[in-house]
Amino acid sequence: MPGLIVIGSQWGDEGKGKVVDVFSSQSDYVVRYQGGANAGHTLIVDGKKTVLHLVPSGVLHPNTKCIISTGVVLDIETIVEEIKALKVNGLLQDSKQLLISDTATVLLRYHRELDQAREKKAEHEKIGTTGKGIGPAYEDRASRKAILFGDLFDPSTLREKLVKSLDEKNYLLEHMYGKKPVDVDELIKEIAVYTEELKPYRCKNTSYKIHQALKADKKILFEGAQGTLLDLLHGTYPYVTSSSTIAGSACIGSGIGPNQIQKVVGITKAYTTRVGSGPFPTELDDEVGNHMGTVGKEFGATTGRKRRCGWLDLVALKYAIRINGITNLALMKIDVLSGLENIKLCTSYELNGEITTVYPSTPGDLAKAKPIYKEVKGWSEDISEAKALQDLPAEARSLVSLIGSELGTPIDVVSVGPGRKQTIWVKPLF
Ligand code: GDP
Ligand code: IMO
Ligand code: MG
C-alpha cells in the first residue's frame, strides 16, 4: 500500500505545495485528483519561487512522474501557460513526466466568464470564488455535458458537444448576464492551439497507470487541492468549492480503491487562514491578525487576495482528522508565530449556551460558535534556521507537543520557513 494522501486540513493554502515538493524526493508519482486552477501551490527552492495551479507539485523532481487524473477540471489555457513557464525554467524537459487523463473535465473560457458574472451579480451574497470557472465546469460534469480531455482530439465529437453545451451557456451569458455569446467556430480555433500543445501529455487511462504503479510498489503521493473546510459536502456550505476536497476524493478522482492508501497526511498551518466569504470562528481583526498576515505573507497564490487570519482551531482540526482519516500531521509556518507574546489555541466552542468540542454540522451553528481558548507563552527567537526539534526554543517545542497531544495525532513534519530545506523531519515519510 504505497499510496499517501496529502490533504489540506483547514481552508486551503496550508502549505500543501511545499510539502508535496519535499515529499517528492522520495516518491515515484504525484497525482492531482480534484479541483482545478483555483489551487495555487507555492514551491520555494534555493530562493526561487514556482507557483503551480494544475501541474502536480512533484514536477521540480525530474524523476517524479506527474499525473492529472479524471477528477480534475482542466483549464487548458492555464495549463499550457504553466507548462511553458516550467520549460523555460529548464523543468519538464521530458514530456513523459506529465500525464493528463483523457477523462478529465475540460474547463474553457466560458466557464470562467460564467463564474465571474455570477459572482458580480450576487452582490452581497458572493461566495468569493477565485473566478476560475470551477463551479460551472463541475456543473457540466454533473449534468453530463462536460467536454472531456480526450474529446479535444476528436474534432467531430468536440464540435457536437460544444454546440450542445453552448446552446445553454450562451443563453445565460447573453440574457442573464448581458455578456457576449461565445462563437463556436472561434472557440474551436482557439482550442486547437491548446490541443496541439497538450498532445504529448495525453494518457488514455490514468486510473490503470496508477493501479499498475501501485502494484509495482511505486511510491505515490496524492496531492489534494483546497482544504477540508472547503469540501462541497462536508465544508462550510455554501461557502465552499465545487469539488470534494477530503481524502476520500483521492480514490474517487483517480480511480483507485481506499485499501491502496497507507497514510493520510494532514497539512496544517500553526494558525488559520481563509480566502473568500463564510464563517471563521477564530478570525482576528487586530494586531495579531495583522502580524500573521504580514509575517506569513498571507496573500492568495492564485488571486492575490488578502487572506483572513486567525488562531489555530483545534475543534475544526479534530473534525478534519475525523472526516479525512488523517494519520499524521505536517505543522506549517510556526516561524510566523515568532514574536507573539502569547499564542492561543481554540480548544472548544460555546454554542447555544453549551460548551462543545464537536464541529457544528450546519453553517448557521458555525456562525454562532464562540471560540474558547487555551493560552500558552510565545517566543521571540527567529526559528527559520532550525534543523531539528531540539533547535527550537522551549516554548515552540511545547506548542508543537501540545498541538500533537490535543489532536491525538503524530506530527511528522514541522515547517519553519517556505524553503525546501526549512523542514524538520520528526519521523521518516515511508
Ligand atoms: P498551498 O495552497 O497549500 O500549497 O499553500 P500556498 O502555496 O497557497 O500558501 C502557503 C504559503 O506559505 C506559500 O507562500 C508558501 O511559500 C509559504 N510557506 C509554506 N510553508 C511555510 C513555512 O513553514 N513558513 C513560512 N513562513 N512560509 C511557508
Ligand atoms: P489551494 O489548493 C484557498 C476558495 C475560494 C472561495 C471558495 C470557492 O491553493 O489551497 P472556487 O473558485 O473554488 O469556486 O472558490 O474556495 N478556494 C481556495 N481557498 N486555497 C485554495 O486552493 C482555494 N481554492 C478555492 O477563495 O472561498
Ligand atoms: Mg494555495
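Just so it is clear, the model here is predicted, and its values are computed rather than measured.
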Review point. How far apart are the C-alpha atoms of Arg274 and Gln10, what are their side-chain angles, what is the distance that settles it, and do they pass the side chain to side chain contact (heavy atoms under 4.5 Å, CB included) test?
Key: CA-CA 8 Å; Arg274 172 164 209 175; Gln10 294 155 316; over 6 Å; no

Any side-chain donor paired with an acceptor under 3.5 Å for [X] and [Y]?
X: Tyr271; Y: Glu298; result: yes
X: Thr273; Y: Asp13; result: no
X: Thr103; Y: Thr70; result: yes
X: Ser101; Y: Lys209; result: no
X: Thr282; Y: Asp313; result: no
X: Asn352; Y: Lys368; result: yes

Whether [Y] and [X] form a salt bridge (side-chain N of Lys/Arg under 4.0 Å from carboxylate O of Asp/Glu) is what I want to check.
X: Asp28; Y: Lys65; answer: no
X: Lys132; Y: Asp75; answer: no
X: Glu81; Y: Lys84; answer: no
X: Asp21; Y: Lys18; answer: no
X: Glu77; Y: Arg112; answer: yes

Revision key, fill the gap. Test side chain to side chain contact (heavy atoms under 4.5 Å, CB included), reference Glu223, set Ile67, Ile5, Val30, output is Val30

**Study point:** Nearest heavy atoms of Val358 and Val315, plus distance in Å
**Key:** C-CG1, 4.0 Å

Practice item. Taking all non-hydrogen atoms of both residues into account, name the closest pair between Gly36 and Ile134 and its distance. Key: CA-CD1, 4.0 Å

**Study point:** Face-on cation placement of Lys169 at Tyr110 ring, 6.0 Å and 45° thresholds
**Key:** no

Exercise for review: Fit a plane to each ring of Tyr359 and Tyr319, take the angle between them on a 0 to 90° scale, and name the class: parallel (under 30°), tilted (30 to 60°) or perpendicular (over 60°).
Suggested key: parallel

